[in-house]
Amino acid sequence: HVQLVESGGGSVQSGGSLRLSCVASPASSGIKFMGWFRQAPGEEREGIAAIILGSGVSYHRYALRNRFTISRDISKNTVYLQMNDLESKDTAMYYCAAGENIRRITYDWEDEQGYNYWGQGTQVTVS
């Protein structure tokens with residue numbers, strides 16, 4: 001059973017930066033891609049970015065592409081989300097997700113149904 005553990009959330013002032021990490025275990029799992037989603041209070045969960053672990057090909061939400069960047073370190077089974085110039089509207093619970101069927105990400109990386117595993121989330125608060 002794949003486990004995803006997020007870290008790096010916290011409170012930051014507007015204009016600040018945070019880097020979220022998500023470690024997947026076990027290392028021998030069959031996941032092919034990972035992504036980040038977020039959900040603000042009273043809002044639907046939305047996709048932020050996703051990345052194919054083998055090739056490094058990434059996808060970003062258009063509105064966030066200039067401030068948020070996804071990356072991965074295969075040797076550490078870890079995916080990162082670098083968030084810069086944070087704004088109060090970025091306040092949300094941030095979730096890491098992973099999928100096994102690579103065709104799902106190439107078809108629609110934001111489709112939550114394409115992800116098999118989810119982390120517990122890490123809170124980001126921008127004030």
Side-chain angles (χ1 to χ4, degrees):
H1 182 69
V2 175
Q3 285 191 318
L4 304 176
V5 179
E6 304 102 331
S7 62
S11 296
V12 64
Q13 290 188 336
S14 181
S17 297
L18 283 174
R19 188 178 78 158
L20 306 183
S21 300
C22 176
V23 180
S25 61
S28 59
S29 66
I31 58 174
K32 299 294 190 296
F33 60 93
M34 296 176 70
W36 286 99
F37 291 74
R38 69 182 182 182
Q39 186 169 22
E43 302 289 334
E44 292 187 356
R45 189 155 57 185
E46 65 178 12
I48 301 171
I51 190 165
I52 299 175
L53 298 179
S55 66
V57 171
S58 62
Y59 308 82
H60 290 80
R61 189 175 191 85
Y62 186 81
L64 300 176
R65 72 195 189 287
N66 291 329
R67 299 190 295 122
F68 290 16
T69 303
I70 192 170
S71 61
R72 94 279 194 229
D73 185 336
I74 296 176
S75 67
K76 298 181 179 179
N77 303 311
T78 301
V79 170
Y80 304 98
L81 183 68
Q82 178 66 44
M83 306 186 295
N84 298 325
D85 194 20
L86 285 162
E87 306 169 4
S88 58
K89 63 183 180 181
D90 296 317
T91 295
M93 184 70 78
Y94 284 69
Y95 297 92
C96 174
E100 299 172 335
N101 185 349
I102 200 168
R103 288 178 295 180
R104 300 299 297 267
I105 190 177
T106 56
Y107 179 69
D108 183 1
W109 70 267
E110 294 180 87
D111 182 4
E112 295 183 25
Q113 300 301 313
Y115 294 81
N116 304 97
Y117 309 101
W118 290 82
Q120 293 298 309
T122 185
Q123 178 68 37
V124 172
T125 302
V126 185
S127 59

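The first residue of the sequence shown is numbered 1, and numbering continues consecutively from there.
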F37: ring-ring contact (aromatic ring centres under 6.0 Å, His included) partners, not counting sequence neighbours:
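In terms of ring-ring contact (aromatic ring centres under 6.0 Å, His included), with neighbours along the sequence ignored, F37 is linked to Y115, W118.
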Considering non-hydrogen atoms only, spot the tightest contact between [X] and [Y] and give its length.
| X | Y | result |
| --- | --- | --- |
| I102 | K32 | CB-CB, 4.3 Å |
| E112 | R45 | OE1-NH2, 3.0 Å |
| W109 | A50 | CE3-CB, 3.7 Å |
| A98 | I31 | CB-CG2, 3.8 Å |
| S17 | D85 | OG-N, 4.1 Å |
| V79 | R72 | CG2-CB, 3.9 Å |

Do I51 and V57 belong to the same hydrophobic cluster, where Ile, Leu, Val, Met, Phe, Trp and Tyr are linked whenever their side-chain heavy atoms lie under 4.5 Å apart, directly or via other members?
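In one cluster with I51: V57, no.
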Would you say Y117 and Y94 are hydrophobically clustered, going by side-chain heavy atoms of ILVMFWY under 4.5 Å?
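Cluster IDs for Y117 and Y94 match.
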Going from [atom1] on [X] to [atom2] on [Y], what distance comes out if it is rounded to the nearest 0.5 angstrom?
| X | Y | atom1 | atom2 | result |
| --- | --- | --- | --- | --- |
| M93 | T125 | CE | OG1 | 8.5 Å |
| L18 | N84 | CG | CG | 9.5 Å |
| S127 | Q13 | OG | CD | 6.0 Å |
| S25 | H1 | OG | NE2 | 9.0 Å |
| F33 | L53 | CZ | CG | 9.0 Å |

Between [Y] and [X], is there a side-chain heavy-atom distance shorter than 4.5 Å?
| X | Y | answer |
| --- | --- | --- |
| W36 | R61 | no |
| M34 | C96 | yes |
| M83 | D90 | no |
| L81 | I48 | yes |
| R104 | Q113 | yes |
| F68 | L86 | yes |
| H60 | T69 | yes |
| Y59 | I70 | no |

Are the side chain of [X] and the backbone N or O of [Y] linked by a donor-acceptor pair below 3.5 Å?
| X | Y | value |
| --- | --- | --- |
| Q39 | A92 | no |
| Q82 | R19 | no |
| R67 | L64 | no |
| T91 | V126 | yes |

Using the rule given for salt bridge (charged side-chain N to carboxylate O under 4.0 Å, His left out), can you reason through R38 versus E43, listing the C-alpha separation, both sets of side-chain angles and the distance that settles it, and then say yes or no?
CA-CA 9 Å; R38 69 182 182 182; E43 302 289 334; over 6 Å; no
Count the heavy atoms of every other residue, nucleotide or ligand shown that sit under 6.0 Å from CD of E87, and state whether that count exceeds 12.
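It does: E87 CD has more than 12 such atoms within range.
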